[in-house]
Amino acid sequence: MKSRTKVVVIGGGIAGCSTLYHLTQEGWSDVVLVERDELTSGTTWHSAAQVTNFGMTQTMVGLKSHSIALYKKLRDDPEYPVGYHHGDGGIRLANTEAQMQGYRHFASMARGMGVDYEIIDAAECARRHPLISTENLLGGLWDGEDGDIDPAQLCQALAFHARKAGAEVYRNTPVTGLSQLKDDTWTVHTEHGDIDCDIVVNAGGYRVNEVAAMMGVQHPVASMEHQYFITEDIPAIAEARHRMPLLRCPISDYYSRQEKGGLLVGFYEQDCKTWGMDGISPDFSNDLCPDDLDRVMDVLEGAFERMPALTEVGIKRVVNGPITYTIDGAPLVGPIPGKRNAFCIIGLRAGLGEGGGHGWLLAQQIVHGEACYDTWVIDPRRFTGHATVEFTAVKAIEDYQNEFRFHFPHEHRPAGRNAKTTPLTPVMAAEGAEFTVVNGWERVDYIRPSPEFRPTPSFNFDAVFDVVAAEVANVATNVGLAEVNGFNRIEITGKDRHSFLDRMMCGTVTKRDGRIGLGYLLNHHGCIKAEATVANLPASDRGGQRIWYGSAAASEYHDMDWLTAHLRPDEDVQLRSLTNDQTILVLAGPKARTVLSACARGDWSADVFPWLSVRECCIGFAPATIMVVSFSGELAYEIHVPNASLYAVYLALREAGKAYNLRLFGARAVDSMRMEKGFLHWKADLITEFDPFETGLSRFVKMGKGDFIGKEALLDRQAAGPRNQLVTLKIDTTHAPAHPGASLMQGDKVVGTVTSGEYGHRVGMNLAYAFVLPEFGNPGSAMELDLCGDRIRAQVIEPSPYDPKFERMRS
Ligand SMILES: Cc1cc2nc3c(=O)[nH]c(=O)nc-3n(C[C@H](O)[C@H](O)[C@H](O)COP(=O)(O)OP(=O)(O)OC[C@H]3O[C@@H](n4cnc5c(N)ncnc54)[C@H](O)[C@@H]3O)c2cc1C
């Protein structure tokens with residue numbers, strides 16, 4: 001066994017083997033994999049191993065396409081061939097028009113990744129899968145690439161090729177401890193000795209948190225028991241003379257694929273069970289949980305009704321094994337929050353289908369710092385303080401129970417609610433708030449007009465449209481109040497705070513006390529990493545000179561890790577998170593100044609306290625910090641309040657606002673208004689795939705200012721010219737918004753992808769942002785939006801159609 005290497009991957013299931021293989025593909029051969037037993041002895045060996053190309057975001061589709069291409073290559077490799085049934089095809093069934101509409105959206109989205117799904121009716125489903133009945137069936141989504149693979153052969157082949165490229169694999173070598181040294185390298189302690197390395201990767205499957213504990217962390221991963229059975233041969237399959245397509249059923253929660261002459265049928269029962277919450281026996285290896293078919297009776301009947309042939313044959317074998325889940329169903333692949341040189345590829349619940357792609361994206365992140373796609377949907381830092389294993393289990397159960405039922409736009413499911421709240425959450429609930437969830441926080445989405453108001457989430461505009469219109473109208477004509485909780489805030493102190501931020505940001509941000517700037521942080525590839533407002537607070541009785549770095553709620557761990565990682569040892573800079581201590585109240589509208597003046601002493605006139613200023617004060621008697629910044633395009637004040645004073649400040653503002661028609665507004669109204677102003681959302685419109693020029697942010701880049709992270713790469717990008725361009729579009733329909741991921745077409749050619757869409761109530765336009773090919777980037781360019789299967793005319797317009805001179809927010 002080596003005593004020193006570059007990377008140690010812990011775990012020899014599909015996650016670990018794929019990571020090892022892809023590290024060698026990216027050019028790192030001094031890498032090892034350490035497995036406590038034999039390869040695949042965790043979950044991988046007994047997997048149903050279905051490999052689909054279906055995904056709900058472009059990153060997921062792209063990584064699954066990579067799996068399929070890789071598995072085909074391995075299948076065809078004469079030196080070490082792998083059994084892979086590729087192209088049996090698969091149907092996701094639907095019995096409601098709403099599900100069919102969702103499938104049409106996913107087809108539009110996948111087209112942008114070069115993947116074609118077909119939407120077929122019930123008769124066509126039955127023609128392609130002769131065993132199914134069309135009773136209670138509308139149709140489905142057909143993925144022609146669907147199939148299944150031999151999981152053990154796949155892992156052995158990946159390990160074989162990795163070894164050929166120089167990697168080493170140590171089987172029967174349990175990792176017993178991890179120590180991080182002062183220089184941030186690691187020592188991996190195993191039963192057979194220590195290995196020093198630069199980087200560790202946790203690929204421990206259902207033992208993820210045993211490995212995590214060795215480095216003093218816990219991951220939001222919980223395991224569920226999951227069962228399938230394999231039937232005896234079914235005569236109708238032999239008669240069909242072609243392999244049966246795969247089936248996935250959101251109506252009765254099962255899947256099936258052909259296994260030899262019979263079927264393999266797996267279940268997602270409502271009466272489901274977590275597994276291993278109180279620890280896992282060290283002897284559980286190459287092992288299964290006891291069969292319990294009684295538990296799946298509810299869904300079994302649905303499968304029997306759909307495929308009556310199942311009732312005529314016996315069951316040959318039952319498999320019940322642990323399967324890992326996270327909070328949102330997608331795995332955790334990337335850097336471990338709060339740790340250096342530590343990565344994970346864990347929480348895979350569809351690891352055979354996705355594992356090839358996840359290992360690929362992880363290896364790219366380890367070797368190059370970033371992957372070819374924006375990987376936020378699988379980033380471990382997307383969950384923060386609320387993400388305990390107990391919380392994860394609650395969401396895992398909900399997710400398991402809804403395995404094939406995708407989320408509709410704005411749908412937030414009931415499990416695990418109230419994970420993060422403020423003193424105002426119950427107050428807002430009493431006001432009729434409908435909440436959305438942002439990084440665990442309950443945030444007001446809109447105020448329900450009546451207690452019974454509960455529209456069913458849909459891909460079309462629904463009754464919420466008019467509610468949002470009314471909230472926007474009040475902000476535009478009077479004044480609105482919104483709570484923005486969980487907003488990420490990092491206090492930066494120390495004499496080098498400005499030079500530090502200068503290095504982190506691609507533009508020049510004001511250093512003047514009492515002033516605020518907006519800036520962008522790039523990665524080493526010159527693409528967008530983060531967006532932040534930088535507020536310079538003067539010294540006061542509340543502290544010395546400080547910067548408040550503010551960014552999206554979801555970025556809490558992401559931005560802190562990025563900033564911390566780039567601090568130099570000789571720099572006098574301290575970072576302190578205020579995210580969970582403070583909440584923002586936004587006061588917006590032409591009467592906002594009058595309301596503020598009525599409850600806070602001081603001169604708030606535009607001359608004395610203009611746009612982009614910050615000042616400490618009291619609202620009523622409670623301390624607050626006010627910033628003149630606006631995401632709505634109206635005159636607006638961000639009122640930053642310690643949570644202990646939040647209710648007092650809220651009451652003071654409500655009281656002062658009574659005479660001016662102050663009404664609450666929520667996140668949906670904010671989203672509509674920001675689209676009218678050309679303002680972008682982190683991880684929707686601001687992603688690591690594009691640079692600031694492509695994202696329309698040239699005015700925030702100062703190439704001549706000296707060195708900053710990403711500058712060298714950005715120079716090369718600038719010379720090469722844009723590959724895509726972010727534009728604002730007017731969509732010629734009022735029945736539905738443009739959905740993120742949807743394709744923009746010219747004839748059969750995909751020319752762009754939507755990143756955000758909302759109706760702009762003040763301008764009366766259905767708006768979208770999209771990255772389009774540069775030749776479509778000019779105002780007036782026309783194309784068609786594939787909106788859930790309908791072709792709708794879309795035209796590029798100038799950004800910020802509402803108040804293009806930005807006069808209202810500066811007034
Ligand atoms: C019944 C069932 C059906 C499934 N069907 C499908 C399907 O159709 N399609 C699909 O894509 N997915 C399916 N899955 C899920 C899929 O099998 C898993 O996502 C995948 O196998 C997980 O792989 P892994 O590498 O993350 O974990 P594992 O396979 O569990 O590998 C983790 C490895 O880490 C090792 N390890 C742990 N701790 C240590 C330590 N301290 N030191 C060294 N080594 C350690 C373990 O021994 C193990 O080998 C199914 C799962 C189940 C249970």
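In each ligand, atom 1 is the first atom listed, and ligand 1 is the first ligand listed. Side chains are part of it too, since the values below use all heavy atoms of this structure and drop only hydrogens, waters and symmetry mates. Worth saying up front: this structure is predicted, and the values here are computed from it rather than measured.
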Could you name the option among [options] that has the heavy atom nearest to [atom]?
atom	options	value
atom 5 (N) of ligand 1	Pro282, Gly13, Ala48	Ala48
atom 16 (C) of ligand 1	Gly351, Gly11, Ser223	Gly351
atom 53 (C) of ligand 1	Glu354, His46, Glu225	His46
atom 20 (C) of ligand 1	Asn202, Val34, Val9, Ile14	Ile14
atom 1 (C) of ligand 1	Glu210, Arg171, His226, Gln227	His226

For ligand 1, is [X] a contact, meaning one of its heavy atoms is under 4.0 Å away?
X	value
Trp45	no
Ser285	no
Pro322	yes
Glu35	yes
Ala49	yes

Which ligand 1 atoms does [X] reach within 4.0 Å, using its non-hydrogen atoms?
X	result
Leu352	10 (C), 11 (O), 12 (N), 16 (C), 17 (O), 21 (O)
Gly321	53 (C)
Tyr255	3 (C)
Leu348	18 (C), 19 (O)
Ser41	47 (O), 49 (O)

Return the closest protein heavy atom for [atom] as residue, atom name and distance.
atom	result
atom 28 (P) of ligand 1	Thr43 N, 3.5 Å
atom 25 (O) of ligand 1	Ala15 N, 3.0 Å
atom 27 (O) of ligand 1	Gly205 CA, 3.4 Å
atom 51 (C) of ligand 1	Ile323 CD1, 3.4 Å
atom 15 (C) of ligand 1	Arg349 O, 3.4 Å
atom 43 (C) of ligand 1	Arg36 N, 3.1 Å
atom 13 (C) of ligand 1	Ser47 OG, 3.1 Å
atom 29 (O) of ligand 1	Thr44 OG1, 2.5 Å

Check this for me - ligand 1, [X], N or O atoms closer than 3.5 angstrom, yes or no?
X	result
Gly353	yes
Gln50	yes
Thr40	no
Val175	yes
Met214	no
Ala350	yes

salt_bridge([X], [Y]) N-O dist < 4.0 Å:
X	Y	result
Asp271	Arg295	no
Lys64	Glu145	no
Arg111	Asp116	yes
Lys339	Asp561	no
Glu398	Arg413	no
Arg340	Asp198	no
Asp30	Arg4	no

Give the contacting part of [X] toward ligand 1: side chain, backbone, both or neither, where contact means a heavy-atom distance below 4.0 Å.
X	answer
Arg207	side chain
Asp37	neither
Ala203	backbone
Tyr228	side chain

Check whether Trp142 forms a cation-pi arrangement with Arg128 (NZ or CZ under 6.0 Å from the six-membered ring centre, at most 45° off the ring normal).
yes
Please determine, by modelled atom types, if Glu354 and His358 share a side-chain donor-acceptor pair under 3.5 angstrom.
yes
Taking all non-hydrogen atoms of both residues, which atom of Leu247 and which atom of His129 are closest, and how far apart?
CG-CD2, 3.6 Å
Show the nearest heavy-atom pair for residues Lys316 and Thr231, with the distance to one decimal.
CE-O, 3.8 Å
Partner of Tyr268 under ring pair (Phe, Tyr, Trp, His ring centres under 6.0 Å), picked from Phe404, Tyr228, Tyr254, Tyr325, is Phe404
Before giving the answer on side-chain contact (heavy atoms from CB on, under 4.5 Å), spell out for Ile132 and Leu137 the whole-Å C-alpha distance, their side-chain angles and the decisive distance to 0.1 Å.
CA-CA 10 Å; Ile132 66 169; Leu137 187 66; 4.2 Å; yes
Walk me through it: do Glu210 and Ile280 pass the test side-chain contact (heavy atoms from CB on, under 4.5 Å)?
CA-CA 9 Å; Glu210 292 177 13; Ile280 301 165; 3.9 Å; yes
Counting only pairs under 3.5 Å, give me each side-chain donor-acceptor contact of residues 158-165, with atom names and distances, residues two or more places apart or in other chains.
residue, atom, partner, partner atom, Å
His161, NE2, Asp77, OD2, 2.8
Lys164, NZ, Glu79, OE1, 2.8
Lys164, NZ, Glu79, OE2, 3.3

Return the CD to OG1 distance between Gln365 and Thr688, rounded to the nearest 0.5 Å.
8.5 Å
May I ask you to test the His22-Leu362 pair for a side-chain heavy-atom distance under 4.5 Å?
no
Take the angle between the ring planes of Trp376 and His558 and call it parallel below 30°, perpendicular above 60°, tilted in between.
perpendicular
Under the criterion side-chain contact (heavy atoms from CB on, under 4.5 Å), I'd like the reasoning laid out for Glu35 against Ser41: C-alpha separation, chi angles, the key distance, then a yes or no.
CA-CA 9 Å; Glu35 162 58 47; Ser41 56; 3.3 Å; yes
